[in-house]
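First up is the structure itself, then whatever we jot down about it.
Note on naming: letters A, B, ... go to the chains in the order of the sequence lines (proteins, then strands), and numbering restarts at 1 for each one.
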Amino acid sequence: MTPVPPPPARLRHAAAYLPAAAVLLAVLCLLSLAFGSRAVPIAQVADALFDRAGADPQIEAIVWNVRMPRTAAGLLVGAALGLAGALMQGLTRNPLADPGLLGVSAGASFAIVLAVAAFGASTAPTNLIWYAFAGALAGAVSVHLLGGLGRGGATPVKTALAGIAVTFLLGSFTSALVLRSPLALDRFRFWAAGSLTSADAATLWQVTPLLAAAAVLALATAPALNSLALGEDVAVALGRRVGLIRLRATLAITVLAGTAVAVAGPIVFIGLVTPHLARMVTGPDHRRILALTLLGAPSLLIAADVLGRVVARPEEIQAGIVVAFLGGPFFIALARRRRLAEM
Amino acid sequence: MTAIRAEGLTLAYDDRTVVSDLDLQIPPGRVTVVVGANACGKSTLLRALARLMRPVHGAVLLDGRAIHSLPTRQVARQVGILPQAPVAPEGISVLDLVGRGRSPHQTWWRQWSTADEQAVAAALAATGMTDLAHRPVDELSGGQRQRAWIAMAVAQQTPVLLLDEPTTYLDLAHQVDVLDLVTDLNRRDGRTVVMVLHDLNQACRYADHLVVMRDGRIAAEGDPAAVVTAELVTEVFGLDCRVVPDPVTATPMVIPLSRHHPARAVTA
């Protein structure tokens with residue numbers, strides 16, 4: 001039997017991408033602790049990090065109470081949005097899938113605002129998460145149903161259009177509610193564009209186990225997505241239970257995107273862009289795409305957040321706006337690609 | 001050896017019945033070819049044999065047990081199917097595609113084993129794709145691409161292999177190439193092969209057992225030489241023809257007649 005020839009060097013070296021992405025993420029986390037709208041010398045940041053008792057108390061407070069939770073929020077929210085986007089793209093075989101574009105984030109935002117403004121729910125993020133899950137699921141399902149109407153079923157472009165329609169519709173409902181309720185308005189200011197500054201450390205600790213469980217579920221679904229990528233018939237022929245894959249992935253997407261919205265608001269494009277960048281490096285294997293997205297998406301979000309802090313000093317631009325500013329052109333380039341409809 | 005048969009099989013899309021009350025025994029270790037006019041239910045039958053479609057009545061029996069009641073992974077180790085004109089994800093390499101055929105043999109705690117490695121190497125060698133292993137599937141020619149997909153189904157190592165029009169979109173040379181490859185898989189490994197083909201003459205050449213379908217029922221089945229007559233072709237396809245022995249294989253060869261080429265022009 002002829003042995004399979006070894007892969008070309010380009011592919012062998014691609015194995016180094018995960019450690020490289022981990023290093024990049026670590027560096028960006030350090031930058032996120034070091035840079036802010038108030039310029040603090042690196043040495044003092046290091047003091048505050050490693051010698052809390054001896055550091056300037058004001059600097060110590062900035063680093064530990066402001067920048068640390070903000071960085072952690074970037075890690076959690078970025079990873080959650082990236083994985084949710086990669087799962088949605090794999091599940092729907094739609095390169096335009098993203099929780100921010102397919103109604104998931106809009107549904108979660110609307111549910112949160114509805115709960116706060118209409119039913120007087122507590123605005124603690126851990127309470128809001130449950131409304132976010134329900135809204136995320138409802139948003140995703142309605143876009144899926146709407147996109148599948150008419151001849152030819154759910155094509156990528158039709159689903160994206162349905163997603164944009166649902167996002168605008170829910171967005172206008174959300175605005176209407178917010179303008180009538182000062183409490184929701186106060187809360188909503190953060191969600192409007194997406195920001196990493198609203199979550200405190202206690203909240204982040206509470207959502208971490210939930211996100212970790214959803215991330216494990218997402219990664220465990222990767223081999224099944226590899227089969228599904230060959231078409232539904234081939235996936236069944238390979239012994240996959242397609243309904244079960246959909247259910248598992250939808251559960252993971254709901255928890256990941258819902259939590260991300262409850263913590264940081266509807267940040268778009270992270271879930272769209274990162275899996276595409278990851279796929280360029282890894283090729284079409286979902287196990288690798290998801291693993292790299294898990295490291296790459298928080299890198300992107302934290303980088304955007306840091307950028308937003310330094311470009312407009314002493315003011316700040318919210319991370320969600322920076323991401324949208326950078327992600328928009330990427331989205332257009334993607335939508336213009338010829339082979340889009342065939343994916 | 002895995003035995004597969006259909007019993008009282010009725011198949012429908014919504015309320016449109018496509019196959020009705022069909023009984024079929026697939027001869028183990030042989031090549032069975034299903035032919036028939038467009039929309040006669042031949043592809044639907046093949047999908048049902050692979051449990052891609054749930055029967056309205058009757059059942060497909062795998063070693064005597066209803067295929068729909070068996071765990072799908074267990075079925076995937078016994079029956080492989082290559083659907084018509086499958087689409088590969090952008091940028092996937094031949095090796096990755098063929099490797100994905102191994103998934104029914106893998107579990108989440110054991111993703112890749114020596115057995116997987118050997119099965120993939122053997123499938124690539126059997127289909128002549130070893131040298132193209134690292135090439136992206138979307139850069140291959142139509143014939144090579146179909147070989148890559150067949151390699152994926154071969155790597156699944158199922159005793160039964162179902163192929164839905166494996167020669168679609170291929171030029172004549174590549175059609176012969178793919179059919180020879182399928183014959184190799186049958187003769188060398190003793191796999192049971194069931195395929196749907198459009199070309200009657202190819203069907204007669206490559207089939208040990210020919211199943212001729214008409215309107216969701218079996219019009220005739222058996223050895224092509226015994227089955228294919230001018231009367232049958234007229235009845236099933238609504239085509240007047242002569243049937244002569246293939247000069248190379250001596251299997252039946254169908255020569256169509258037409259308004260512009262009536263029978264009197266032919267000397268038998």
Side-chain angles (χ1 to χ4, degrees), chain A residues 1-12 14 89-90 93-95 156 216-217 219-245 248 276 278-289 334 337-343, chain B residues 47 50-53 71-108 111 117-118 120-122 124-126 128-138 149 152-153 156 158 162 164:
Chain A
M1 190 172 67
T2 330
V4 178
R10 182 178 59 81
L11 294 177
R12 283 202 301 272
Q89 287 171 19
R93 300 213 281 160
N94 182 346
V216 169
L217 187 63
L219 293 170
T221 310
L225 290 181
N226 278 345
S227 301
L228 202 58
L230 306 181
E232 224 172 280
D233 282 350
V234 177
V236 174
L238 292 174
R240 299 292 185 188
R241 288 189 280 171
V242 174
L244 188 68
I245 300 171
R248 274 166 45 179
H276 281 280
R279 198 178 291 113
M280 285 178 194
V281 178
T282 64
D285 185 336
H286 282 92
R287 291 169 299 186
R288 296 177 182 186
I289 294 171
L334 191 68
R337 282 183 59 195
R338 250 185 324 118
R339 291 208 48 195
L340 191 66
E342 298 167 27
M343 185 172 160
Chain B
R47 289 172 58 80
R51 54 92 173 75
L52 295 183
M53 199 166 166
T72 182
R73 273 171 69 85
Q74 188 186 321
V75 176
R77 286 185 221 118
Q78 290 181 283
V79 180
I81 181 170
L82 188 57
Q84 209 180 118
V87 178
E90 197 179 332
I92 193 172
S93 70
V94 172
L95 189 64
D96 190 353
L97 178 67
V98 176
R100 290 185 190 190
R102 294 300 295 165
S103 72
H105 303 273
Q106 294 165 340
T107 50
W108 59 266
Q111 282 285 315
E117 195 79 47
Q118 285 168 352
V120 168
L124 288 169
M129 292 300 287
T130 306
D131 292 335
L132 300 173
H134 299 290
R135 290 273 293 278
V137 173
D138 34 23
W149 278 101
M152 188 215 71
Q156 202 176 334
T158 54
L162 312 176
D164 192 359

Hey, does [Y] have a side-chain heavy atom less than 4.5 Å from the side chain of [X]?
| X | Y | result |
| --- | --- | --- |
| Leu230(A) | Pro89(B) | yes |
| Arg241(A) | Pro71(B) | no |
| Gln89(A) | Arg279(A) | yes |

Is it the side chain or the backbone of [X] that comes within 4.5 Å of chain A heavy atoms, both, or neither?
| X | value |
| --- | --- |
| Leu124(B) | side chain |
| Ala50(B) | neither |
| Leu95(B) | side chain |
| Pro104(B) | both |
| Met129(B) | neither |

Run the numbers on Arg47(B) and Asp233(A) for salt bridge (Lys or Arg N to Asp or Glu O under 4.0 Å), then give the verdict.
CA-CA 9 Å; Arg47(B) 289 172 58 80; Asp233(A) 282 350; 2.5 Å; yes

Can you tell me if Arg73(B) has over 12 outside heavy atoms packed within less than 6.0 Å of its CZ?
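Above 12, so yes.
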
Less than 4.5 Å to any heavy atom of chain B: does that hold for the side chain of Ala229(A), its backbone, both, or neither?
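Answer is both: backbone and side chain atoms of Ala229(A) are under 4.5 Å from chain B.
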
Could you check which of Arg100(B), Gln156(B), Gln74(B) has the highest count of heavy-atom pairs closer than 4.5 Å to chain A?
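The residue among Arg100(B), Gln156(B), Gln74(B) with the greatest pair count is Arg100(B).
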
Any idea which of Pro83(B), Ser103(B), Ala153(B), Ala133(B) has the most non-hydrogen atom pairs under 4.5 angstrom with chain A?
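Max contact count across the listed options: Ser103(B).
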
Atom OG1 of Thr221(A) and atom CG of Leu228(A): how far apart are they, to the nearest 0.5 Å?
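CG of Leu228(A) is found 11.0 Å from OG1 of Thr221(A).
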
